Amino acid sequence: MNQAKHSTLKTIPIAAFLALAALMLTPVASIGQQSGQQEVLEVLERTEEYLSDVRALVMETDSDQARMILGSAVSKQIQARQQYQSERYVMAVRLSLKAREIASQAERMMRSSRGHEERARQYLDRLHELHERVRERAEETDNAQAMAFVRQAENLYMRARQQFEQTRFENSLRLLQEAEAALNRGARLLFAAGDSDRLLNDMERIGQLIVRARERLGDDADPAIMRSLERVERTLDDARMAFESDQPLRAMRLTQRARQEVERVLRQSSIGLTVEAVQREIDRFDERQIRLLDEVTTDEARRQLDRAGQLRDEAGQVLRMGDKELALRTIRSALNLQRLAGESPR
Amino acid sequence: MRHHPITSATLVVLTLFVGIPLSPVRDVVVCDVRAAETPASVDSLDVWLDWLAAGDDDAALLDLLGDDPVPASFAWSGNLATGYDAYVQTYSLALEDTTESVEEFEVTLSAEGATQGDADHRWRVAPRLSVGSERTRQQLDLGWIWQPDDGPRRLDAVGEFRATQYHGTTDYSLSSDFSEGRGRLRWHLSPAGRLGGEARVESRVLRYADPSELQVNRNDVEAVAALVSGRDASDRWRLGVRAGHRAHPDTASIDRTTLGLDAETERFSLEGVSWRATLRSERRSVRDESARPSLWAHWATLDGSTLLSLTLEAVLELQFDIWNYDISRDAYQDQGRWTGLAGVRAQAIEGPGWSLGLTWESLESDEADETYRQFGLRGGLEHYGATVSGTLTLEVGRRDYEEAMVESDISDVLLDPLFTDFTYTEVWLSGSWQLDERLGFDALASWLPESHSDDEDDQSLGFASLRLVYRF
């Protein structure tokens, strides 16, 4: 099918316009003998040709709406033919042009829905699995707020599916996108709440950090630092209360805030990390590495020690560049791998 | 867009090795030693705790004590809900405004019975009956999970049945009664470590009382195998393959076989970048290509966010989907679509949160007049409270089609393009109001009016749902 036939004939064709004008200005009785009649017939035939092309296209896809609209276009054209048979040529041309308009709407509907159909079909499959996974995690962790998102997504999903079955693919797609957004909110909440255990773990560690920081700072610490620690403690208490009152999202965000604040306070305090302390950890690694390289016998343990050695070198480089925290993280990774290698069977 | 095997291979490689930097999928598959521990996976809280412990070798975190075992029981809960749904579409048909709508009142009674407490075998039964102005629906969901010693689940099975009977006066245009069944069995392999596995078989049957060209009976069967992150892994990921077959007892020509691959990885961080990436590639082979062509389809998404301050985070969402038919023809054209969102989101710690971002969408199609670019501005409000929760999203934008005017090869015809540029406004509202412990009110609504450069092409789509739910 060529491009022209694909395209809507919404602007009145010149021939049809001239025919219509001639018909309106000329007494009907005399038209039959004039060329206007032939032009009316041409308009009707062109419409039928267009309807035939659109029909082939529409029937190959699954848009019920496009089929219904095309049905009304065909019905208009039948009426146009009847008017032509009755020698009511003005009405015949008008009805035929209307049939074209309606058919072009059917074509537009069909072509829009075609892309929506394929996307919605894939979305339905994909979201079904995402829904199952998020629901399982919400159930396992007994997360009421996440379950509320899951239920909202379920409602939207069922409606989307029903709209798909009704071949209303655009509606279906938009409902699916909103269902996905609800599931993503739920999934994010589950992650943020860390399956509850993770969030509780974070709160526990922040609490430990505050206690230990107080111990290290001692009684003669900078009052501003101590006040900051108190603020962190209050934030952490709020987080715990939010968690206990079934508001995991708020609990997560308050925990996040407490975490960032406590790290900031520690960096500003006199007990912050020093280059010497990180270097001591690297030295500790080096001592153990020499001993373990002699002791381990399995290939896996050797691979672990090799990787730990690479991490140790990275830690040294990072430390020389001045990033003490990353250096400490890196050497800690190295030490953990080294410990794993040391625990492997000899 | 005729390079689907290359596209597929490229996307897989990108996902596994390049597209997801630091991907735990790549780590585990390629180098399990590296996956054991990386600096990125060392939590900064642990670093500080170690540091402050000052040489205390027992500085590791205290494990949370396990809860006391809870005796198993089977508990029931239920809902009685009444609601109203409406779908509305308006458009112009030959200069006449046309409105299509389906409105439905419905009363739904549902119950759910499930095993509570610690049990090796956990069961779930959920019947549901809806009676509405347009149709009557029944649904029964069954579930079984085997998780010995209250550990991770090893096996689970799901059975679902649903049936719908349309009333004689229904406004739904496709109104053949139908019933549908689904069964799934899934085996979880070694779920307690860092690396797990999953195998699944699934079957579906759909039967219409009065089948037609658009309501076709079908039988589906699918098998899926996947490597997944275990419970001890710090990040979640998944790499799976799938094979399926759809048979149509009344129209064998459109039977199809599907082979696919999916990958997914996500990392959530309280202090750094959080992201989630997914890829799904699929080959669909249709028995008779003259009835419907076979195709390759790919779908990739990437969502990321990072904190800019204590309450503000930057978000990026990208999505790409493409499908290539083996035989491209009028009704089946190759298409590729990009969508994206870049913006900021203020987290709701106290009061409502908000978001603001730029959206874009572009479609490349073998049909030149369908190709378009779209840009929009999206803002949102959200609030999650114990009594009232809700989200409101508003997007305003513009879509421009590449082809402004179609050249005609018919001399006496002036042609406008089938699709015309338009400005759109999209509103989404969802909310819930918990009136008391048992009674709640849910609302969902959306409205999408399009204002086209040619007024005759204006259209709008609307949806609304109101529901009063009593839980017992």
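Nothing here was measured: the structure is a model prediction, and the numbers come from that model. Below, read A as the first sequence line, B as the second, and so on, with proteins coming before strands; counting in each chain starts at 1.
For chain B, no part of A:I331 is nearby; none of its heavy atoms comes within less than 4.5 Å. For A:R67, the part lying under 4.5 angstrom from a heavy atom of chain B is the side chain only. Proximity to chain A (any heavy atom under 4.5 Å) is restricted, for B:T391, to the side chain, taken from C-beta onward. Contacts of B:T301 with chain A are made by side-chain atoms alone, with heavy-atom separations under 4.5 Å and no backbone atom involved. Residue B:E104 does not touch chain A at all, counting heavy-atom pairs closer than 4.5 Å. Only the side chain of A:R185 comes within less than 4.5 Å of a heavy atom of chain B; its backbone N, CA, C and O stay farther away. For B:L363, no part lies near chain A; criterion is any non-hydrogen pair under 4.5 Å. Heavy atoms closer than 4.5 Å to chain B are found in the side chain of A:M68, but not in its backbone. Contacts between B:R137 and chain A at a heavy-atom distance below 4.5 Å are absent for every atom of the residue. Using a 4.5 Å cut-off between heavy atoms, B:I145 makes no contact with chain A at all. Residue B:Y172 touches chain A through both its backbone and its side chain, counting heavy-atom pairs closer than 4.5 Å. Neither the backbone nor the side chain of A:D306 comes within contact range of chain B, judged by heavy atoms closer than 4.5 Å. In this structure, the portion of B:T339 lying under 4.5 Å from any heavy atom of chain A is its side chain and not its backbone. Only the side chain of A:L130 comes within less than 4.5 Å of a heavy atom of chain B; its backbone N, CA, C and O stay farther away. With a threshold of 4.5 angstrom between heavy atoms, B:E317 does not approach chain A through any atom at all. For B:D303, the part sitting under 4.5 Å from any heavy atom of chain A is the side chain, from C-beta outward, and nothing else.
Salt bridge status for A:R151 with B:D442: absent, with no side-chain N to carboxylate O gap under 4.0 Å. In this structure, B:D262 does not pair ionically with A:R126, as no charged nitrogen and carboxylate oxygen lie closer than 4.0 Å. Under a 4.0 Å N-O distance rule, the pair A:E118/B:R284 qualifies as a salt bridge.
When the candidates B:E282, B:R292, B:Q215 are compared by the number of heavy-atom contacts under 4.5 Å with chain A, B:R292 comes out ahead.
No side-chain donor-acceptor contact under 3.5 Å links B:R467 and A:N155. Checking A:Q65 against B:Q89 by side-chain atom types alone, a donor-acceptor pair falls below 3.5 Å.
To the nearest 0.5 Å, atoms CG (A:D125) and CZ (B:R242) are separated by 7.5 Å. Here CG of B:D321 is found 7.0 Å from CD of A:Q122. Values are rounded to the nearest 0.5 Å. To the nearest 0.5 Å, atom CG of residue B:D369 and atom CZ of residue A:R108 are 11.0 Å apart.
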Practice prompt. Before giving the answer on salt bridge (charged side-chain N to carboxylate O under 4.0 Å, His left out), spell out for A:E132 and B:R186 the whole-Å C-alpha distance, their side-chain angles and the decisive distance to 0.1 Å.
Written response: CA-CA 12 Å; A:E132 281 198 335; B:R186 190 169 49 167; 5.0 Å; no
Discussion item. Using side-chain contact (heavy atoms from CB on, under 4.5 Å), reason through B:Q335 and A:R119 one step at a time and then give a plain yes or no.
Written reply: CA-CA 10 Å; B:Q335 290 193 338; A:R119 277 184 99 197; over 6 Å; no
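Partner of B:Y87 under the side-chain contact (heavy atoms from CB on, under 4.5 Å) criterion, out of A:R168, A:Q166, A:Q163: A:Q163 alone.
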